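Here's the structure we're looking at; comments come further down.
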There are 2 protein chains.
Amino acid sequence: MARTRKFDENQALDAALRLFWEKGYVATSLQDLEKGTGLNRASIYNAFGNKRSLFKKCLTLYVGRVQAMLEGVIGTATSSREAIKNWLACVIDFQFNQETPSGCLVILSALERHQHDRETREIVTALFRREQEVIQKVLEEGVQRGEFPADFDCVGVAWAITSATSGMVVLSMADLPVSALQEVFRSTMRLLDGK
Amino acid sequence: MARTRKFDENQALDAALRLFWEKGYVATSLQDLEKGTGLNRASIYNAFGNKRSLFKKCLTLYVGRVQAMLEGVIGTATSSREAIKNWLACVIDFQFNQETPSGCLVILSALERHQHDRETREIVTALFRREQEVIQKVLEEGVQRGEFPADFDCVGVAWAITSATSGMVVLSMADLPVSALQEVFRSTMRLLDGK
DNA sequence: TATTTTCTTTACCGTTCGATCAAGAAAAAC
DNA sequence: GTTTTTCTTGATCGAACGGTAAAGAAAATA
């Protein structure tokens with residue numbers, strides 16, 4: 001009864017995500033999006049609405065992936081300590097992975113806050129909260145398992161680790177070498193040793 | 001022999017800095033700059049060159065101030081521990097200070113890296129390096145003073161603290177409450193306790 | 001195969017972008 | 001007070017911006 005869509009919507013979304021990830025919301029023009037997705041301008045509007053809603057779809061997609069990666073890495077570890085170690089290593093790998101852009105769309109969006117509506121900002125806030133919660137939970141499990149002392153500050157350390165992941169991303173975006181991130185990594189891990 | 005400038009160049013630079021600080025380089029238009037500085041467009045070009053060079057002047061001004069604040073806070077402390085404590089507290093205060101925008105122009109510029117030339121990116125990199133150096137130095141003084149054990153990892157902890165300051169700024173931009181930053185603060189301070 | 005419906009293409013909309021230029025205004029030097 | 005020089009103003013530039021409308025192309029139904 002009707003014509004089918006020629007392009008793969010997920011594929012186009014992926015391409016758009018990559019662009020926003022690299023240049024941010026404002027600096028990514030519709031011209032960029034046309035070239036990146038291979039779609040015509042009107043096709044983009046037809047499929048995704050306007051630039052704002054396309055961005056929001058990309059951000060949601062990205063957040064979902066990061067969260068899946070976070071929970072995957074944390075969930076498959078055999079100890080609390082290993083979980084944190086793997087997560088921090090994962091963040092570093094991700095920054096220097098050649099297949100994906102460096103940086104982080106969520107952090108970028110956090111800093112572009114003036115450009116976005118409340119709903120978008122809440123997506124950003126939620127990811128950080130979620131990261132802290134997941135880490136806190138794995139630390140609490142570590143306490144129960146006897147890996148950490150009973151009075152271990154799970155809340156505070158979880159926030160510190162969450163902060164450290166953002167900090168590492170910023171450092172890598174500021175052209176600091178891997179070694180700097182590794183120093184952050186090692187020192188952050190030491191938060192799991194003390195009292 | 002000639003007419004004198006009516007406006008205060010430093011004052012205009014301050015206004016421009018504030019705009020870039022709030023919205024970033026791309027999102028700040030010349031219209032914004034005209035309104036913010038109170039200057040006519042051509043006066044801006046006459047005084048500061050183009051948008052790029054105006055931005056660079058603002059960034060340099062900002063970096064100088066942050067560095068002065070860093071060195072001031074660290075330099076006036078009576079112990080290594082107190083120096084770090086004051087610096088972290090200073091960063092938190094700064095984020096919630098109502099008189100200045102939240103966020104950080106340097107971090108924003110790091111994430112907008114694709115917009116800037118190498119010289120600008122190097123200014124950004126340099127500030128992070130400088131922050132780490134200053135902190136490392138004060139830690140090393142702490143070791144000599146017997147505040148920390150002889151094998152204390154000054155390099156790594158300095159990077160962790162540098163990362164923590166960026167992390168806290170990101171968290172505050174992501175609308176996390178002060179309490180979250182304070183948790184990062186407390187946990188980061190604990191890096192000075194362990195072995 | 002004819003029809004219907006959706007997707008795609010092309011051209012274009014008004015607006016805003018960064019940047020410039022020529023004319024007018026004002027202060028210092030003589 | 002005249003001259004000289006710089007600063008300021010207002011108008012305007014071409015390009016790029018996000019977004020849209022109408023015509024053409026193509027696939028699924030009948």
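Please read these numbers as outputs of a predicted model, since none were measured by experiment. Residue numbering restarts at 1 for every chain, and letters A, B, ... go by the order of the sequence lines.
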Where the side chain of B/Asn40 is concerned, which of D/dT9, C/dA19, D/dA21 is the nearest nucleotide?
D/dT9
Respond yes when some side-chain nitrogen or oxygen of B/Ser43 is under 4.0 Å from OP1 or OP2 of D/dC7, and no when none is.
no
Mapping B/Gly38 and A/Ala42 to their closest nucleotides on DNA chain D, which lands nearer the 5' end?
B/Gly38
Mark yes or no for whether A/Ser187, through its side chain, and A/Val184, through its backbone, hold a donor-acceptor pair below 3.5 Å.
no
Length of the CZ-C1' vector between A/Phe48 and D/dG19, whole Å:
16 Å
Starting at OH of B/Tyr45 and ending at P of D/dC7, how long is that distance when rounded to a whole Å?
17 Å
Distance, rounded to the nearest Å, where A/Leu30 contributes CG and D/dG18 contributes P
5 Å
Measure CG/A/Leu39 against P/C/dT9 and give the value in whole Å, please.
8 Å
Using atom CG of B/Asp32 as one end and atom P of C/dC17 as the other, report the distance to the nearest whole Å.
7 Å
Within this structure, what is the CG-to-P distance between B/Asn46 and C/dA25, rounded to whole angstrom?
18 Å
Does a salt bridge link A/Arg130 with A/Glu133, judged by any charged N lying under 4.0 Å from a carboxylate O?
yes
Taking atom types as modelled, is there a side-chain donor on B/Asp32 or B/Ser29 under 3.5 Å from an acceptor on the other?
yes
Would you say A/Ser29 places a side-chain N or O within less than 4.0 Å of OP1 or OP2 belonging to D/dA16?
no
For B/Glu140 and B/Gln144, which I'm curious about, is there any donor-acceptor pair between the side chains at under 3.5 Å?
no
Does any N or O donor sit under 3.5 Å from an N or O acceptor when you compare the side chain of B/Arg41 with the base of D/dG10?
no
Check for me whether A/Lys57 meets the cation-pi criterion with A/Tyr62, that is, NZ or CZ under 6.0 Å from the six-membered ring centre and within 45 degrees of the ring axis.
no
Rounded to the nearest Å, what distance is computed from the CD1 atom of residue A/Ile44 to the C1' atom of nucleotide D/dT20?
14 Å
Spacing of A/Lys51 atom NZ relative to C/dT15 atom P, expressed in whole Å:
19 Å
I want to check one thing: is the phosphate of C/dC17, taken as OP1 and OP2, less than 4.0 Å away from some side-chain N or O of B/Gln31?
yes
